[in-house]
K.L.:
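Would you mind keeping the following structure in view while I ask a few things?
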Amino acid sequence: MRILVVGGGTGGTIIANNLARRLSAELRTGKVSLTMLSASDRHMYQPGLLYVAFGQMMPDTLYRDQASLLEASIEFHVDPVKHFMLDERRVKTQSDRVFDYDILVIATGSRMVPEEIPGLVEGSETFYSEAGAIKMYKALRNFKGGRVAIVVGVPHKCPIAPVEVTFSLHDYFKTRGIRDKVEIKYHYPINRIHSIENVAKWAKPEFDRMGVAYETLFNLKEVDVQNKVIHSEEDTEYAYDLLISIPAHRGMAVIEENRLGQAGWIPTDRHQLTMEGYDNVYVLGDTTNLPVSKTGSAAHFEAEVIADNIASIVKIGTPVREYDGKVYCFIEAGHDQATYAMFNYLNPPDLKPANKSMHWFKMSYNQMYWSSVRGLL
Amino acid sequence: MTSQIEVSDRPAPPSEPGVGPAELARLSELATLVTAAQDAMSDDIVTRLSAALNEGMILLDRLTRNQALMRLLHTLERAECQNLLEALAEALAATSRDLAKGRAADGGLGGWVRLLRDPDTCETLRLVSVLGSHLSRNLQASRAPDSSSS
């Protein structure tokens with residue numbers, strides 16, 4: 001049986017390693033082959049970018065060679081897919097190579113699209129790329145005081161990022177001794193300060209305590225870079241000195257180009273994680289259109305289910321598990337406190353007060369990530 | 001009001017078994033220790049410890065899943081292998097001593113002949129020859145399933 005994993009991010013790497021562990025005997029005897037196609041030979045720990053934006057991590061510590069993270073039995077190619085031919089059970093890559101498969105896993109991830117809002121690229125700082133995070137840190141370092149605006153586009157990667165960056169800004173300016181010279185205003189597109197209701201309930205008193213102002217129902221329409229003013233679809237505006245953005249995200253362009261899903265999100269069965277209409281095509285991580293957070297932890301829990309199911313299909317001919325929508329997110333509530341949110345399709349998160357031990361747990365996880373993608377945790 | 005008076009008139013309940021002043025003092029000590037450890041820690045220390053633990057776990061995982069290493073460990077547990085390892089270690093130490101005090105080889109055809117006449121040299125060649133034939137036989141045996149399947 002030929003298993004092909006497209007995408008070498010968190011989800012793709014975990015699922016490939018999990019499969020290599022579960023099917024080690026079948027891989028050794030040649031009954032199964034496992035191939036990964038990725039766009040890069042490097043793997044980035046994306047949550048670390050928030051720390052880079054505040055000078056708490058250096059960018060080089062976020063990378064490992066992708067090949068070094070993979071089990072030896074996985075055939076790895078840096079050759080991204082250009083065409084998906086699902087009915088013929090094959091893909092064609094950028095180098096025009098053709099890979100046939102029996103089971104396909106699509107884990108291509110997502111990309112930010114700040115260019116969809118006029119002025120957002122030129123006028124704002126963001127931490128969703130290495131270059132952006134470094135630029136944001138330099139902007140923060142040079143900031144002497146004034147009005148800081150935070151704007152959020154939806155959907156976006158890492159659901160907790162808007163509140164985390166707000167808490168971090170508060171702590172950063174406080175540590176520099178200029179918090180009293182900074183006015184922080186948070187803008188959110190729906191009628192509460194976070195899409196997850198219990199996160200909104202928890203964050204609101206924290207914002208009040210920190211003196212962070214907020215405006216809900218603020219859907220960013222454009223950024224007037226020259227006059228440093230943000231305008232909303234609701235006809236409100238705010239003048240800023242420093243603009244921090246959480247840009248909206250879309251699925252990868254290759255998904256849209258191959259018409260696999262609107263806006264790059266593939267229609268996915270919420271329990272089996274198969275692509276609608278294709279029982280031999282699995283989708284995970286940001287690539288799905290599921291109503292769960294676009295976060296590494298969702299990809300992790302989905303990968304466990306898919307790996308178990310593919311392995312059981314190989315061994316006994318049928319899948320054995322369903323995904324329950326589990327997501328676990330650390331929430332950094334500043335530079336030395338954290339809490340977490342755990343939820344699934346049925347149960348909303350129940351947030352506990354932030355504390356230092358949870359912050360250290362998050363610090364530890366920043367290192368443990370490398371065990372996690374190897375399929376060990 | 002009456003009930004309040006009744007409650008206050010009752011004798012104090014006996015303390016929970018095992019929780020006396022000495023135990024509370026120990027708990028307080030423990031809390032102080034935890035607080036002191038927390039205060040002494042920093043993000044950097046936590047990061048370094050976690051990184052070391054993480055790499056250790058990865059190494060352990062790779063070692064324990066490496067079937068060749070596991071088989072080697074199993075083989076090394078046999079008494080004759082352990083004797084051989086000990087003999088090898090002692091031979092290395094003795095070789096180091098002999099090389100340090102002995103004079104350099106003469107070289108040339110005469111030197112070769114003298115070396116070959118030495119019974120120890122013959123015994124060494126026999127050992128290497130036996131080792132080589134076993135190694136060759138084992139390698140052939142391990143290749144056998146592949147060749148039969150192809």
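Every chain is numbered from 1 and lettered A, B, ... according to where its sequence line falls, protein lines coming before strand lines. Not measured: the values here are computed from a predicted model.
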K.L.:
Please say whether more than 12 non-hydrogen atoms of neighbouring residues, nucleotides or ligands are located less than 6.0 Å from CG in Leu109(B).
P.N.:
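12 or below, so no.
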K.L.:
For Met368(A) versus Ser50(B), what's the shortest heavy-atom pair and its separation?
P.N.:
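Smallest heavy-atom distance, with atoms named: CE-O, 4.1 Å.
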K.L.:
Taking atom NZ as the centre, does Lys362(A) end up with more than 12 heavy-atom neighbours from other residues, nucleotides or ligands that are less than 6.0 angstrom away?
P.N.:
yes
K.L.:
Measure across Arg21(A) and Asp61(B) and return the closest heavy-atom pair with its distance rounded to 0.1 Å.
P.N.:
NH2-OD2, 2.6 Å
K.L.:
Looking at CD1 of Ile45(B) and CE of Met363(A), how far apart are the two atoms once the value is rounded to the nearest 0.5 Å?
P.N.:
13.5 Å
K.L.:
Considering non-hydrogen atoms only, spot the tightest contact between Gln38(B) and Trp360(A) and give its length.
P.N.:
O-CH2, 3.1 Å
K.L.:
Would you find more than 12 non-hydrogen atoms of other residues, nucleotides or ligands less than 6.0 Å from Met342(A) atom CE?
P.N.:
no
K.L.:
Could Arg62(B) and Glu71(A) be called an ion pair, given the rule that one side-chain N must be under 4.0 Å from one carboxylate O?
P.N.:
no
K.L.:
Tell me, with the steps shown, if Met57(B) and Arg374(A) meet side-chain contact (heavy atoms from CB on, under 4.5 Å).
P.N.:
CA-CA 11 Å; Met57(B) 272 168 47; Arg374(A) 283 184 168 97; over 6 Å; no
K.L.:
Given the options Leu53(B), Asp44(B), Leu49(B), Val46(B), which has more heavy-atom pairs under 4.5 Å with chain A than any of the others?
P.N.:
Val46(B)
K.L.:
Kindly give the heavy-atom pair with the smallest separation between Asp43(B) and His335(A), and that separation in Å.
P.N.:
OD2-O, 3.9 Å
K.L.:
Contact part of Glu55(B) toward chain A, heavy-atom cut-off under 4.5 Å: side chain, backbone, both or neither?
P.N.:
side chain
K.L.:
Mark yes when over 12 heavy atoms from residues, nucleotides or ligands other than Lys138(A) sit less than 6.0 Å from its NZ; otherwise mark no.
P.N.:
no
